[in-house]
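Working notes, structure below.
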Amino acid sequence: QVQVVESGGGSVQAGGSLNLACRVSGLGFGYYAMGWFRQAPGKEREGISCIFSDGTTTYYTDSVKGRFTISRDNAADTLYLQMTSLKPEDTAMYYCSALALCADNRYDPSPVHRGNWGQGTQVTVSS
C-alpha cells in the first residue's frame, strides 16, 4: 500500500519561504514522476508542479513559476518543494502524489494511489 507523508508547512508572512517534503513508502519511488498539488478552501485541488522520475525535467503552473522549486532525492524516497516569495493566495493544503503523467499543465495522479491522498501539510500566508 502506497503511503505519503507531507511535512514542512506552517504560517508565514507574505514574502516568506517554506520548504515542504513528501516521504513516500510502498512504491518504487525512483520509477515514478511525482507532483505537488494544493487545495485552497472552497476550491478544487490543483496540480502546481511535477518532476520526472530521474529529476531531469520539471514543470510549474504559471502562478508559482519562478517562486517554487521542485526536487527529489530518489535514494531517500522523498520529494521536495522549496517555496519562496510566498503570497496570501498560496494559502492551501499541499499534497504530493506519484503521477501517471507529468507534462506542461498536466499532472495526472497515478492509479497506484487508488484515489487516496495523504494528510497534506497546511501552508498559510498572511499579508
Side-chain angles (χ1 to χ4, degrees):
Q1 182 178 356
V2 179
Q3 291 187 329
V4 296
V5 178
E6 299 94 346
S7 62
S11 296
V12 298
Q13 291 190 327
S17 301
L18 285 171
N19 295 312
L20 306 186
C22 168
R23 178 73 162 83
V24 181
S25 59
L27 180 74
F29 181 81
Y31 293 104
Y32 286 85
M34 294 293 299
W36 282 102
F37 297 74
R38 67 184 180 187
Q39 187 169 21
K43 296 187 177 181
E44 293 188 354
R45 194 178 343 240
E46 63 168 341
I48 59 171
S49 182
C50 67
I51 185 169
F52 280 13
S53 60
D54 60 3
T56 57
T57 300
T58 59
Y59 293 99
Y60 300 91
T61 194
D62 286 346
S63 62
V64 307
K65 200 172 294 183
R67 300 187 298 120
F68 292 8
T69 303
I70 190 171
S71 62
R72 63 190 297 159
D73 182 344
N74 287 348
D77 294 344
T78 303
L79 179 72
Y80 301 99
L81 187 68
Q82 182 180 17
M83 305 188 296
T84 64
S85 301
L86 283 162
K87 304 176 181 180
E89 50 263 45
D90 295 319
T91 295
M93 190 71 80
Y94 284 70
Y95 304 87
C96 70
S97 176
L99 300 179
L101 178 64
C102 167
D104 191 18
N105 288 318
R106 286 291 303 273
Y107 313 97
D108 296 352
S110 170
V112 296
H113 291 288
R114 301 186 179 184
N116 297 316
W117 293 86
Q119 85 287 349
T121 188
Q122 177 68 40
V123 172
T124 303
V125 185
S126 58
S127 58

Between [X] and [Y], is any pair of side-chain heavy atoms under 4.5 Å apart?
X: Tyr32; Y: Val24; answer: no
X: Gln122; Y: Thr91; answer: yes
X: Ser63; Y: Arg38; answer: yes
X: Ile51; Y: Leu79; answer: yes
X: Tyr94; Y: Cys22; answer: no
X: Ser53; Y: Tyr31; answer: no
X: Cys96; Y: Trp36; answer: yes

What's the spacing between [X] [atom1] and [Y] [atom2] if we round to 0.5 Å?
X: Arg106; Y: Cys50; atom1: CZ; atom2: SG; result: 10.5 Å
X: Gln82; Y: Ile70; atom1: CD; atom2: CD1; result: 12.0 Å
X: Ser49; Y: Met34; atom1: OG; atom2: CE; result: 11.0 Å

TODO: Would you mind listing the cluster partners of Phe37? Hydrophobic ones only (ILVMFWY), side-chain contacts under 4.5 Å, chaining allowed.
DONE: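 Hydrophobic cluster check, Phe37: joined to Phe52, Tyr59, Met93, Tyr95, Leu99, Tyr107, Trp117.
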Task: Step-by-step side-chain contact (heavy atoms from CB on, under 4.5 Å) determination, Phe68 to Leu86 - done: CA-CA 9 Å; Phe68 292 8; Leu86 283 162; 3.8 Å; yes
[X] side-chain N/O to [Y] backbone N/O, donor-acceptor pair under 3.5 Å:
X: Gln119; Y: Glu6; answer: yes
X: Thr84; Y: Arg67; answer: yes
X: His113; Y: Ala98; answer: yes
X: Asn19; Y: Gly8; answer: no

Open item on the list: If the condition is side chain to side chain contact (heavy atoms under 4.5 Å, CB included), which residues does Asp77 pass it with, not counting sequence neighbours?
Closed with: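 Applying side chain to side chain contact (heavy atoms under 4.5 Å, CB included) to Asp77 gives Arg23, Phe29.
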Open item on the list: Could you report the tightest heavy-atom contact between Ser97 and Ser110, atom names first, then the distance?
Closed with: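 The pair with the smallest heavy-atom distance is OG-N, 4.3 Å.
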Task: Short N-O contact, Asp90 and Lys87, less than 4.0 angstrom - done: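 Result for this pair is no, no salt bridge flagged.
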TODO: Taking salt bridge (charged side-chain N to carboxylate O under 4.0 Å, His left out) as the test, write out the residues that go with Asp104, two or more places apart.
DONE: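 Residues passing salt bridge (charged side-chain N to carboxylate O under 4.0 Å, His left out) with Asp104: none at all.
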